[in-house]
Protein chains: 2
Amino acid sequence: MPQDPPEQADNTIAMLGRAYSLLGFQIVDGVVGAGYPQKPSHSAVFSQIRREGSRLTALARGANMSPQAMGELVDELEELGYVERKPDPTDRRAKLIALTPLGEQCIAAGIATIQGIERRLDEILGVRGHASLRRLLARLLAAG
Amino acid sequence: MPQDPPEQADNTIAMLGRAYSLLGFQIVDGVVGAGYPQKPSHSAVFSQIRREGSRLTALARGANMSPQAMGELVDELEELGYVERKPDPTDRRAKLIALTPLGEQCIAAGIATIQGIERRLDEILGVRGHASLRRLLARLLAAG
DNA sequence: CCTGATTATCAGGCATACTTTAATACCTTC
DNA sequence: GAAGGTATTAAAGTATGCCTGATAATCAGG
């Protein structure tokens with residue numbers, strides 16, 4: 001993730017960065033504040049783990065990192081009680097990493113936090129303004 | 001800087017993050033590609049250094065970090081030839097950190113890169129769309 | 001002119017988020 | 001059933017971006 005650009009305080013990119021930083025921290029604070037401690041990097045797991053359980057290598061590929069690095073994230077989440085490792089019935093080398101009930105509550109808290117922030121965006125920008133922001137961002141991302 | 005939020009791929013915050021990541025890397029790539037190597041953290045210096053030169057402590061306070069940490073950034077920029085330390089004529093304890101001609105060229109390259117990206121945003125979003133995006137972001141940031 | 005604050009810097013440490021190397025267990029295929 | 005590939009894990013290393021503590025020079029006030 002890059003930093004603020006050199007020079008010129010009010011370019012669009014710097015504003016995007018500040019907005020993201022502002023809201024992103026609110027998510028982490030919200031979820032942690034709701035009683036679900038975690039690190040930002042854990043989202044790499046939460047965002048792609050499947051209900052039936054996911055293999056470590058699959059998670060690593062999906063997050064574009066080494067299986068070893070993903071293994072450490074899973075270790076931490078297991079320690080926190082959010083996921084558990086179960087043997088994969090179809091391959092005895094592999095393990096399935098699956099959410100515990102606490103992990104599901106954590107995800108629910110994350111979704112609730114995000115929805116709360118989005119409602120605040122509706123207030124700040126107006127429902128139409130917020131929709132407009134999303135449309136513009138979508139177009140920007142589509143254009144790559 | 002936080003990461004992607006847990007869960008839900010298409011919330012506004014995640015879109016902001018992806019947009020920032022996309023464009024932010026383009027800035028670094030652009031400036032480095034123009035022949036001015038640097039690290040993202042160096043922007044903490046470039047963005048606030050004054051033409052007459054700035055004291056280390058002033059830069060550190062402005063970037064909200066310790067003077068030691070700022071000293072290291074200045075070391076690196078001095079090594080790269082972008083800044084130089086000169087004695088402060090008004091205080092023999094202090095040094096003034098000032099841009100070299102190369103440093104000014106680097107800043108110019110940064111500004112040019114940013115302007116190029118902003119022109120691309122004009123193309124992608126339309127001039128009015130881009131202005132609208134900036135207006136929405138400004139309102140978001142003002143509401144804190 | 002002594003005292004205490006300020007300026008810069010040296011030295012060492014720490015957290016985050018990865019990496020590579022290597023080992024072990026297991027699968028698949030010839 | 002041996003060879004080679006895949007899944008996980010342990011161990012150690014790297015890069016970034018900061019920090020605290022201590023030191024030396026200098027300044028400013030009583």
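Chain letters run A, B, ... following the sequence lines, proteins first and then strands; every chain starts at 1. Heavy atoms only: backbone and side chains are in, while hydrogens, waters and symmetry mates are out.
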(request) Calculate the interatomic distance between A/Leu59 atom CG and D/dT6 atom P; express it in whole Å. (result) 18 Å
(message) Nearest whole Å is fine: how far is D/dT8 P from A/Glu84 CD?
(response) 16 Å
(message) Under 4.0 Å, heavy atoms only, any strand: does A/Ser66 hit a base, just the sugar-phosphate, or nothing?
(response) base
(message) To check you understand the geometry: which heavy-atom pair defines the closest contact between B/Met70 and B/Ala63, and what is its length?
(response) CE-CB, 3.7 Å
(message) Nearest whole Å is fine: how far is D/dA7 P from A/Asp88 CG?
(response) 10 Å
(message) Can you give me the closest heavy-atom contact between A/Ala109 and A/Ala34, atom names plus distance?
(response) CB-CB, 4.5 Å
(request) Taking B/Glu72 for its side chain and B/Gln68 for its backbone only, find out whether a donor-acceptor pair lies under 3.5 Å. (result) no
(request) Establish whether the base of D/dG17 is bridged to the side chain of B/Glu76 by a donor-acceptor pair shorter than 3.5 Å. (result) no
(message) Please report the distance, rounded to the nearest Å, between CG in B/Asn64 and C1' in D/dG17.
(response) 14 Å
(request) Find the distance B/Leu73:CG to C/dA8:P and express it as a whole number of Å. (result) 14 Å
(message) Just N and O in the side chain of A/Arg85: are any of them under 4.0 Å from OP1 or OP2 of D/dT8?
(response) no
(message) Ignoring hydrogens and geometry beyond distance, is the side chain of A/Glu72 in donor-acceptor contact with the base of C/dT16 at under 3.5 Å?
(response) no
(message) For a quick test of reading the model, state the closest non-hydrogen atom pair linking B/Leu16 to A/Ala19 and the distance between them.
(response) CD1-CB, 4.2 Å
(message) Measure CE/A/Met70 against P/D/dT9 and give the value in whole Å, please.
(response) 13 Å
(message) Donor-acceptor pair, distance only, cut-off 3.5 Å: does the side chain of B/Ser43 make one with the backbone of B/Phe46?
(response) no
(message) What is the distance, to the nearest angstrom, from the CZ atom on A/Arg55 to the C1' atom on D/dT9?
(response) 16 Å
(request) Quickly work out the B/Gln68 CD to C/dT6 P distance and round it to whole Å. (result) 15 Å
(request) Respond yes when some side-chain nitrogen or oxygen of B/Ser41 is under 4.0 Å from OP1 or OP2 of D/dG17, and no when none is. (result) yes
(request) Tell me what A/Ala69 touches on the nucleic acid: a base, only sugar-phosphate, or nothing, going by heavy atoms under 4.0 Å. (result) base
(message) Nearest heavy atom decides the nucleotide; on that basis, is A/Pro67 or B/Arg61 closer to the 5' end of DNA chain C?
(response) B/Arg61
(message) By nearest heavy atom, map B/Leu56 and A/Met65 onto DNA chain C; which one lands nearer the 5' end?
(response) B/Leu56
(request) Please report the C-alpha distance between B/Leu133 and A/Leu140 in whole Å, then the side-chain angles of each, then the deciding distance to 0.1 Å, and finally whether the side-chain contact (heavy atoms from CB on, under 4.5 Å) criterion is met. (result) CA-CA 10 Å; B/Leu133 174 62; A/Leu140 200 167; 4.2 Å; yes
(message) Less than 4.0 angstrom between a side-chain N/O of A/Lys95 and OP1 or OP2 of D/dT9, yes or no?
(response) yes
(request) Return yes if some donor-acceptor pair links the side-chain N/O of B/Glu118 with the main-chain N/O of A/Thr12 below 3.5 Å, else return no. (result) yes
Pairs under 3.5 Å (N/O, protein and nucleotides 26-30 of chain D):
{"residue": "D/dT26", "atom": "O2", "partner": "B/Arg93", "partner atom": "NH1", "Å": "3.4"}
{"residue": "D/dC27", "atom": "OP1", "partner": "B/Arg92", "partner atom": "N", "Å": "2.8"}
{"residue": "D/dC27", "atom": "OP2", "partner": "B/Arg92", "partner atom": "NH2", "Å": "3.3"}

